[in-house]
**Student:** 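Mind looking over this structure? Questions follow.
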2 protein chains.
Amino acid sequence: MKQSKMLIPTLRDVPADADIKSHQLLLRAGFMRQTASGVYSYLPLAKKVLQKVEQIVREEMDAINGSELLMPTLQPAELWQETGRWYNYGAELMRIKDRHARDFALGPTHEEVITSLVRDEISSYKKLPLVLYQIQTKFRDEARPRFGLLRGREFIMKDAYSFHSSKESLDEAYNDMVKAYSNIFRRCGLNFRAVIADSGAIGGKNSQEFMVLTDVGEDTIAFSNESDFAANVEMAPVHVQYEKSNEELATLEKIETKNQKTIEEISRFLNVAKEKCLKSLLFKVDEKYVLVVVRGDHEVNDIKVKNLLDAKSVELASSEETLNILKAEVGSVGPIGLTEEVDIIADYAVQSVVNGVCGANETDYHYTGVNIGRDFQPSQIADLRFIQEGDPSPDGKGTIQFAEGIEVGHVFKLGTVYSESMKATYLDENGKSQPMIMGCYGIGVSRTVAAIVEQHHDENGIIWPVSVTPFEVHLIPINMKTEAQKELADQIYNKLNRESVSVLYDDRNERPGVKFADSDLFGFPIRITVGKKAEEGIVELKLRKSGETLEVAIDNIVDVIKKQLNSY
Amino acid sequence: MKQSKMLIPTLRDVPADADIKSHQLLLRAGFMRQTASGVYSYLPLAKKVLQKVEQIVREEMDAINGSELLMPTLQPAELWQETGRWYNYGAELMRIKDRHARDFALGPTHEEVITSLVRDEISSYKKLPLVLYQIQTKFRDEARPRFGLLRGREFIMKDAYSFHSSKESLDEAYNDMVKAYSNIFRRCGLNFRAVIADSGAIGGKNSQEFMVLTDVGEDTIAFSNESDFAANVEMAPVHVQYEKSNEELATLEKIETKNQKTIEEISRFLNVAKEKCLKSLLFKVDEKYVLVVVRGDHEVNDIKVKNLLDAKSVELASSEETLNILKAEVGSVGPIGLTEEVDIIADYAVQSVVNGVCGANETDYHYTGVNIGRDFQPSQIADLRFIQEGDPSPDGKGTIQFAEGIEVGHVFKLGTVYSESMKATYLDENGKSQPMIMGCYGIGVSRTVAAIVEQHHDENGIIWPVSVTPFEVHLIPINMKTEAQKELADQIYNKLNRESVSVLYDDRNERPGVKFADSDLFGFPIRITVGKKAEEGIVELKLRKSGETLEVAIDNIVDVIKKQLNSY
């Protein structure tokens, strides 16, 4: 393709309203323009990336026996009323009336339409399982569209739905889908993790989010540096074998610690490591008070407290409540000498503290020489703290790190929620009517494009992975008016096209500086510069990612480019 | 792909509400289902056809330097207000309010969005011309959705727009587009014609419609059986060299023709050929009366009368007006002896009538022996009649036939209508601001699929052209439970997949009759039946189009299939 024929409006300056790198770069490199808040036009370069991502999605869906269909954007309200989502979905559901005043939703997702379709056509277990998917523009009227393609109101999704006659069959499709998603995001060049999205029962993965690890995002992800493990920080279990020192047990002593309240202060004041301090926090759990004890260098994870106690609500007690129940201020409470009114639970790490320090339940006093079992006895010892960077990964492989995450995919075992409300049933082997068991699986296609840019750029522009780059090669004659350069460039252009290497030919009469700056913004893997050595048939190759340059003779150019693309 | 994994719900009976063949067959063969009136879900087989058509469109658009983008469905009302179409488009424009009560249109077409986009990004003649296209779902709230995919409310279009700094450049893009469209429809296996859509000045083709010739449709097309010529019947010029007989001029005689009014009646009553009768009709043209004379076997084309007289309105005079002006009833009027008050114009064919018959402007009387020039003199002689089947084609090649037409494409020189109302200007070589000159070009992609079916079917189902077939081969073991058959079918399936021959494997446990009926409905070019000779490694190939069958040994199967597909 010749650059003069394409619409690629680059910008030198960072657009004022673009906060994150992908948004800035996709605007600056002329990949897209905003048509309305949260609504974008994908210009030719972006369209090429979208198509490549879509093709990868298609190949991986087909590989797991998915079959592609295309459902409508206009969805009759009646279907949404069957599931109740017409009433519950809120302002994000865009609604429209036709000329006969009939209500429709603009599809944000297609559970209703596909369930209705399958309900009408499938009646026997013999026709199950089915995995159906589509790649389509979706609509969601976000209250605050932001971050460019990451949170728009009109966006491209791949959504898939599966229908089964047994849980085992659903599990199989779900596992296939997880593998397919991993392949897709890997092929898109993304550093991502599949994150357990619900706290669920042990082993029961009913839902996973695929998160791309970046500096921006709406969730913090704890992931292993050596394995696939990843979870929202709230959800990550802590699997640590805490070592307990052999030192002799000291006597319990109460000492004055005037105005020393935080672990930080106590640790400095008494000159003991934070790991030797016990952090005690009073929670109101449903209607009862519970003192939660963790090690001084850890933080209480109230979701874990809630799960352990199977509670409806868990709230930190107020200063007044703490003073009232424990007769001491927040900074001076601890697990020793409590009445039976207050339950004590402790994190596993507390077991490893020998001769520790804790509040004495008397304002401005702490105990030293504290030992669990001898001085206090929790009713339960469990995993109650947040995972931390540096902790071992719960799967035993590697060390935990944190990153922000962009959700690019979500797999979900729906079960029979939709099939029951919409009466999508089949006859089983015994002729008995059963609700179909369903799964649903989504990928944000346009969001994936933004996530790729978020992970692949430098200060000069985008750095596309080969798999999704709009063009593999950017061909730039320094001066189109120099006959030798133009001729050699034409020759290379034809040669590469013949060999199915995709190439954008910068045939514009622009200054070299403008051409190079644009080229860096675009971020195709290889730049070919046709300059002074054109008469000798020699050009310069520059690799966008490493900045490495090499001189190549026209005769070898195809081989060298193919080799570089393979190893890029 | 295995058939058991796909959703292909076939129907034995013709659906009650489907009037035309394409609608019936696409429903019966399980290609689509209606989700709401004029709104369809494309099931997996249809999706494959759509993708093939889209790929053909893409290739031909890219070949003329079009570049693909994707504009949004949600279009801000402000843009439509700039061109006034927000107010003029009527009920077909679907309108929606977002959560902030801002108005949007659901795009039925994208002139406003693209003009706004190009206006904001292009300011110099140096960046022109530009040809941009997209393939996208469009919305139009038809009052009466009908004919399945032919007139729906949500449908897939390819729309292209071009921007130019000169009329010559627009002409070039327009001509390229006409060629590309011809390639596209030819590759889709369609018998179509490019039809001049406006009456335009001679040589000035500002708009053409691409019409697929069928038995159903909303326009009648006059086309040549030997060339590309085609036009709406209203628009087709008549180019006939009428032969004039040498017989001697007879005397003009007035004879009584009581109750003989129509050409039919006069011709029978006087025993003269219709070709010898003159048909005279009084028209009110703007404020004057004009008698239009054509040969008895021809029909007056009032559009041609209007164009000839450069009139604002042309209406047939009422019986009262005729009686009043010509002093005779409608069946007895003619061009002889009129006052100057009534202008006479005649069709070319009238010149060829020697010793003809016409009304005598006296009720129940006609003249015989009528000769133009001697007995009456038209003020103008011109092409004033409708073209007829059997007429020579106006381009001199072949004979005119009629067919109904389905419009699948439209090319249009917009000029500066949109660029002027939206102030899309560029600076020319002299630094002067000029409105961009535009063209727009549409293809109904989903409609094209229906048109293909309309032209390619028989009583048993669809007969897909190879270029757009969902699968090239339908592989059917008679009995999946017979080990030899299943094994051979598996072997063929793997073999064809390896060779990139697309194949649907009917792995269902259905009776052969059901499988064959489904297969005929689907209409893939080649059916492979694995039956009794499976143990010998022999299968039957059946060509869907001709019904021809041949036995093939497994060793030759790939070669035979590739050969058959090439010559299908």
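Chain identifiers are assigned alphabetically (A, B, ...) following the order of the sequence lines, protein sequences preceding nucleic acid strands; residue numbering begins at 1 within each chain.
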**Student:** Do Ile8(A) and Leu504(A) make a side-chain contact, defined as non-hydrogen atoms from C-beta onward lying under 4.5 Å apart?
**Tutor:**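 Counting from C-beta outward, Ile8(A) and Leu504(A) do come under 4.5 Å.
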
**Student:** For the pair Asp518(A) and Arg12(A), evaluate salt bridge (Lys or Arg N to Asp or Glu O under 4.0 Å) and give the outcome as yes or no after the intermediate values.
**Tutor:** CA-CA 9 Å; Asp518(A) 279 352; Arg12(A) 286 291 152 259; 2.8 Å; yes

**Student:** Heavy-atom pairs under 4.5 Å with chain A - which of Asn509(B), Thr73(B), Leu79(B) has more of them than the others?
**Tutor:**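 Greatest number of close heavy-atom pairs with chain A: Thr73(B).
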
**Student:** Which bit of Leu128(A) comes within less than 4.5 Å of chain B, counting heavy atoms only: side chain, backbone, both or neither?
**Tutor:** neither

**Student:** Checking Ile156(A) against chain B: side chain, backbone, both or neither under 4.5 Å from a heavy atom?
**Tutor:** side chain

**Student:** Can you tell which part of Glu142(B) gets under 4.5 Å to a heavy atom of chain A, answering side chain, backbone, both or neither?
**Tutor:**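 The backbone, not the side chain.
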
**Student:** With a 4.5 angstrom heavy-atom cut-off, is it the side chain or the backbone of Met32(A) that approaches chain B, or both, or neither?
**Tutor:** neither

**Student:** Can you tell me which portion of Leu43(B) sits under 4.5 Å from chain A's heavy atoms? Options are side chain, backbone, both or neither.
**Tutor:** both

**Student:** With salt bridge (Lys or Arg N to Asp or Glu O under 4.0 Å) as the test, would you mind laying out the steps for Glu60(B) and Lys158(B) before giving the verdict?
**Tutor:** CA-CA 12 Å; Glu60(B) 296 295 338; Lys158(B) 186 283 301 182; over 6 Å; no

**Student:** Going by heavy atoms in the side chains, are Met480(A) and Asp507(A) under 4.5 Å from each other?
**Tutor:**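 Yes, side chains in contact.
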
**Student:** Contact part of Arg33(B) toward chain A, heavy-atom cut-off under 4.5 Å: side chain, backbone, both or neither?
**Tutor:**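 Interface part for Arg33(B): side chain.
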
**Student:** Would you call Ser446(A) and Tyr40(A) a side-chain contact if the rule is heavy atoms closer than 4.5 Å?
**Tutor:**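 Result no, sub-4.5 Å side-chain heavy-atom pair not found.
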
**Student:** Tell me, for Ala46(A) versus chain B, whether the close heavy atoms (under 4.5 Å) come from the side chain, the backbone, both or neither.
**Tutor:** neither

**Student:** Pick whichever of Lys126(A), Glu121(A), Met71(A) has the most heavy-atom pairs under 4.5 Å with chain B.
**Tutor:** Glu121(A)

**Student:** Find the one option among Gln136(B), Lys47(B), Arg99(B) whose heavy-atom pairs under 4.5 Å with chain A are most numerous.
**Tutor:**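 It is Arg99(B).
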
**Student:** Just say parallel, tilted or perpendicular for the rings of Tyr493(A) and Tyr505(A), cut-offs at 30° and 60°.
**Tutor:**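 Taking Tyr505(A) first and then Tyr493(A), their aromatic rings sit tilted (interplane angle of 30° to 60°).
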
**Student:** In terms of heavy-atom pairs under 4.5 Å, which option from Glu92(B), Glu78(B), Arg153(B) contacts chain A the most?
**Tutor:**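 The residue among Glu92(B), Glu78(B), Arg153(B) with the greatest pair count is Arg153(B).
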
**Student:** Is Glu68(A) close to chain B through its backbone or its side chain, or both, or neither, when contacts mean heavy atoms under 4.5 Å?
**Tutor:**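 Contact with chain B: backbone and side chain both.
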
**Student:** Out of Ala91(B), Ser116(B), Ser41(B), return the one with the most heavy atom pairs under 4.5 angstrom to chain A.
**Tutor:** Ser41(B)

**Student:** Of the listed residues (Lys127(B), Gln75(B), Gln51(B), Arg508(B)), which shares the most heavy-atom pairs with chain A below a 4.5 Å separation?
**Tutor:** Gln51(B)

**Student:** Check each atom of Met94(B) against the heavy atoms of chain A and say whether the ones under 4.5 Å are side chain, backbone, both or neither.
**Tutor:**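 For Met94(B), the contact with chain A is made by backbone and side chain together.
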
**Student:** Strictly distance-based, threshold 3.5 Å: is any side-chain N or O of Tyr161(A) a donor or acceptor partner for the main-chain N or O of Ile114(A)?
**Tutor:** no

**Student:** Any non-hydrogen side-chain atom of Ile122(A) less than 4.5 Å from a side-chain atom of Pro9(B)?
**Tutor:** no

**Student:** Quick check on Leu106(B) against chain A: is it the side chain, the backbone, both or neither that has a heavy atom closer than 4.5 Å?
**Tutor:** side chain

**Student:** Measuring heavy-atom distances to chain A, does Pro72(B) have an atom under 4.5 Å in its side chain, in its backbone, in both, or in neither?
**Tutor:**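 When you check distances to chain A, atoms from both the backbone and side chain of Pro72(B) fall under 4.5 Å.
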
**Student:** Do Arg146(B) side-chain atoms and Arg144(B) backbone N/O form a donor-acceptor pair below 3.5 Å?
**Tutor:**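 Looks like yes, one N/O pair under 3.5 Å.
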
**Student:** Indicate yes or no: at least one non-hydrogen side-chain atom of Arg447(A) is less than 4.5 angstrom from one of Leu149(A).
**Tutor:** no

**Student:** Under 4.5 Å from any heavy atom of chain A, what part of Leu70(B) do you find: side chain, backbone, both or neither?
**Tutor:** both

**Student:** Is the backbone N or O of Glu111(B) less than 3.5 Å from a side-chain atom of Thr115(B), with the two atoms forming a donor-acceptor pair by type?
**Tutor:** yes

**Student:** Taking the six-membered ring for Trp, are His474(B) and Phe524(B) parallel (under 30°), tilted (30 to 60°) or perpendicular (over 60°)?
**Tutor:**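 Plane angle over 60°, so perpendicular.
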
**Student:** Can you tell me if Arg58(A) uses its side chain to pair, donor with acceptor, with the backbone of Ile135(A) under 3.5 Å?
**Tutor:**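 No.
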
**Student:** Measure distances from Leu7(A) to the heavy atoms of chain B and classify the residue's part below 4.5 Å as side chain, backbone, both or neither.
**Tutor:** both

**Student:** Look at Asp62(B), Asn65(B), Asp120(B) and state which one has the largest set of heavy-atom pairs under 4.5 Å with chain A.
**Tutor:**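 Counting heavy-atom pairs under 4.5 Å, the top option is Asn65(B).
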
**Student:** Heavy-atom distance under 4.5 Å to chain B: side chain of Glu510(A), backbone, both or neither?
**Tutor:** side chain

